[in-house]
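Since we're looking at a predicted model, the values are computed, not measured. In the text below, chain A, chain B and the rest are named by the order of the sequence lines, each starting its count at 1. Every heavy atom of this structure was used, including side-chain atoms; hydrogens, water molecules and symmetry mates were not.
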Amino acid sequence: MSIVGPKSKLSSINTVQVKNLSQSKGVLDNDIFFNVNVDSNQKYIICYALGHLYGLSDTKGSEQEFPILYPSWQALSWSRNQSIKSKSLTYKIKRIIDELSKLSKVATNFIHACDYDQEGEVIGYNILQYACKNKYSVSKRAKFSSLTDEEIRNSFSNLLPPNHNLKDAGLSRHLIDYIYGINLSRALTNSVKRKSNEKNTKKFITLSIGRVQGPTLAFVVEREKEILDHISTPYWNILAVFQKNDRTLKAYYFPQKIESKDLALSIVAECKNQLGKVTDVLTNKTAIKQPYPFNIGDLQKEAYRVFKFSPNYTLSVAEKLYLDALISYPRTSSQKLPPSINYTKIISNISKMAGGLKQDPYVEKTENKNVLCYSVIVSNLLAQKSLIPNEGKQDDPAHPAIYPTGQKSKRVLDESESKLLDLIVRRFFATFGKEAFYQQVSVTIAIKDKYIFKSEEKKIISEGWIEFYRPYFDYSGYVTTDTLSFLKKDDILKIVNIESIEKTTQPPPRFNQSTLLQKMEREKIGTKATRSEIINTLFKRNYIYNFSTANDSKSNRYAPPLKKNTATWSEMKADKKPAIITPSESIQNVRLQNDPIRIKGSSGIRPTEMGIALVESMKKYVPNIVSTSLTRTMEEQLEQIESGKKPSSSVVDQAREQVREAVKSFSDNEDHIAEEISQSLQKDRRMESISNKSRTTVSLGACPVCQKGKLIVKKSTKTRKRFAGCTNYSSSNCTATAPLPSTGALRGLKKICNECKWPIVASTGTNQGKRYRWQFCINPQCPLKKTKK
DNA sequence: GCAAGGTC
């Protein structure tokens, strides 16, 4: 038998030729096992894994003392923390493990054919050890990197012994991440829990930190510090408007940035009412290369840019498209498209799938004639002499870049799915297109032979691939009609207007989800498949939040107190314990800072007070965990394990020792840490409640029970569902409540029910895609409702 | 239940 990695691999093994499955019917689960003939006299039963089937866990039953330094491998289907969402996955894992252990009893040989990398080695190792009962050392290893017939056949006829070093490196990675992550997360959570027990506040939160979470959060905190520390300094530009005959053009004084106002004003005065002379007109033609095919990171960045999809959302939508066989495997880092995927076939298939289908949203859109529909692009491409994609440097041992399969969808895709698929299809087309060109005109104008003004503009002169990618190409920075090329050298121009413009230096921009992801990629933390998830975790933990400035039309979301010179920030600089803020002071701060205009910098991700407090505490007590150096040194050591220069035990023991020390310094300073974090937590909560109050509450009408309060829409802290409750709940214990529909807009109608006097409410709903409105008495006990029955 | 890493 042999075990390959993900199920997606089987489709390529299929190309080796999957033999008739009937012979195994009734014996083997055909969903899981495949009978394969690799060469004439060898038969294999092939099975796929679903990523990891086993995971590290606090050893069952025996409660290990904290910190947990010796976790053990358990089947993932047994672990308790499976969310409802992944129940079917848990079930599948269980089935695969069961089937594998049954089959392993009668198998004669074992071949490990997962990805030939650390994680792949561990996946297969665990299956061979636990499901098949200690078969790793007797197993053989198939090593192939590209999934071609030839390579797979080759690897099966040249099987290798298992790579113990690779396996050890992989197991160590798991152990180190677990030991650091679980123990420090628990230490954090517990310290805050103890603190809140003291104060008798029952609210309980989960905190977490890890090798990737830590540095990622630190990136956001450091950037925020840079922004708030930024001192704006003024500088000046000089803008002149020149005229020749009836045409005008704008040009900036060069060098553009002028540090002193006096200098700027004197230049303006010198140039006023003078004539300008064109000293140079330069015309350049530059190519705009075709884009690379998408890997997952590039897709996430592009989908963020054009649709504002979060990276995590993009991955989830791409996954759906993949499971429906509309695109290839999305979790890839490759920017390459091997010819074996058959470009021509895919391209012509896309043309077939186009004909007015959902997949080609532009086919009949008359309002946007500039966007080409698939069939036009396809005939365009097929008419080309050759089809060669413009590939990027990045590669992936296991998968090619993301490409559309050209298959028709069997179901109606929702809006996001259609959008993402269209993006992938057009990107795929674009990589095969012709180079585009723009023309750049640069004009230099001199006044009194002394003052230089420059103007330049770019115009696309040959669209090439951009034609295919039109709805998504970023045209900003290009002009559609040029305003400069009419100029010739030695032309004399009149100055129509000249003025100095005051500007100020700007702090660096805040990260958004896309740029944070790029930062993680650059720093090489996390993996292609997990980065976006980790950003999501930081949001979930309330370490970071999206902040929009007043300039953004979108919601002015809750902005926690963060201002230079508040206790937290001065503390950050002085590296000492924060001063206690008196309630009145902090409320004032809150009000001031809740006004988004008061917060410096651009829209984007900001750390919450808790996120800042966490990074600051960790910097003091476990600096490793918020620095990329942990990943760096870990990777160096894993390499040494892999090359046999170091035993894994010494590396893992070192991690154990470090965590033991960290946990100790943590408990020695627990009071400080807990104090800082719970204070920050309270600040964040206060902010949230203030911003909740400032957010418009939806009033449904007067409370019929206490007659004094109003019924408003509230959100249950437990179920997160909304319900109607009385505003006097906290002040005079009015417990009037009523259930509300979970979706749709709600509005009080200022009408009351004739029968029970409860408010009548209007709501909107959708039924089979159609919107409708309805009105109802919200009292669940209304007599009218009973008589109807 | 907390990590990070696979994947349906």
Please enumerate all residues that pass side chain to side chain contact (heavy atoms under 4.5 Å, CB included) together with A:Thr405, with sequence neighbours excluded. A:Gln407

Taking 4.0 Å as the cut-off, does a side-chain nitrogen or oxygen of A:Tyr322 come that near to OP1 or OP2 on B:dC8? yes

Hey, does the side chain of A:Thr530 come within less than 4.0 Å of B:dA4's phosphate (OP1/OP2), counting only N and O? no

Which residue in the set A:Gln682, A:Glu676, A:Glu675 passes side-chain hydrogen bond (donor to acceptor under 3.5 Å, both in side chains) when paired with A:Gln679? A:Glu675

Whole angstrom value for the distance that separates C1' of B:dG5 from OH of A:Tyr125: 17 Å

Atom-to-atom span, CD1 of A:Ile182 to P of B:dC2 - whole angstrom: 9 Å

Are any of A:Thr206's side-chain N or O atoms less than 4.0 Å away from OP1 or OP2 of B:dC2? yes

What is the distance, to the nearest angstrom, from the CG atom on A:Asn183 to the P atom on B:dA3? 12 Å

Gap between atoms CD1 and C1', on A:Ile176 and B:dC2 respectively (whole Å): 18 Å

Spacing of A:Phe666 atom CZ relative to B:dC2 atom P, expressed in whole Å: 16 Å

On DNA chain B, check which nucleotide each of A:Ser208 and A:Ile534 is closest to and give me the residue with the more 5' one. A:Ser208

Base, sugar-phosphate alone, or nothing: which one does A:Leu56 contact when heavy atoms must sit under 4.0 Å apart? base

Would you jot down, in residue-number order, the residues of residues 517-527 of chain A having a non-hydrogen atom under 4.0 Å from DNA chain B? A:Gly526, A:Thr527

When you get a sec, tell me which of B:dC8, B:dA4, B:dC2 is the closest nucleotide to the side chain of A:Val212? B:dA4

Contacts of A:Thr631 that satisfy side-chain hydrogen bond (donor to acceptor under 3.5 Å, both in side chains) - sequence neighbours left out: A:Arg211

Taking CG from A:Leu76 and C1' from B:dG6, how many angstroms apart are they, rounded to a whole number? 9 Å

Ignoring backbone atoms, test whether A:Gln213 places a side-chain nitrogen or oxygen under 4.0 Å from the OP1 or OP2 oxygen of B:dA4. yes

May I have the distance from A:Asp177 (atom CG) to B:dG6 (atom C1'), rounded to whole angstrom? 13 Å

With sequence neighbours excluded, what pairs up with A:Glu533 under the salt bridge (charged side-chain N to carboxylate O under 4.0 Å, His left out) test? none

Within the structure, does a side-chain N or O atom of A:Arg531 lie under 4.0 Å from either OP1 or OP2 of B:dG5? no

Partners passing salt bridge (charged side-chain N to carboxylate O under 4.0 Å, His left out) against A:Lys646 (at least two apart in sequence or in another chain): none

With sequence neighbours left out, what residues match A:Tyr130 under side-chain hydrogen bond (donor to acceptor under 3.5 Å, both in side chains)? none

Base, sugar-phosphate or nothing for A:Arg541? Non-hydrogen atoms, less than 4.0 Å. sugar-phosphate

Can you confirm if the NZ or CZ of A:Arg223 lies within 45° of the ring axis of A:Phe511 and under 6.0 Å from the centre of its six-membered ring? yes

Any idea which of B:dC8, B:dT7, B:dA4 is nearest the A:Lys92 side chain? B:dC8

In whole angstroms, the gap separating C1' of B:dG1 from CD of A:Gln74 amounts to 16 Å

Can you see if the side chain of A:Tyr178 gets near the phosphate of B:dC2 - specifically, an N or O under 4.0 Å from OP1 or OP2? no

Among A:Arg141, A:Glu121, A:His112, side-chain hydrogen bond (donor to acceptor under 3.5 Å, both in side chains) partner for A:Tyr136: A:Glu121

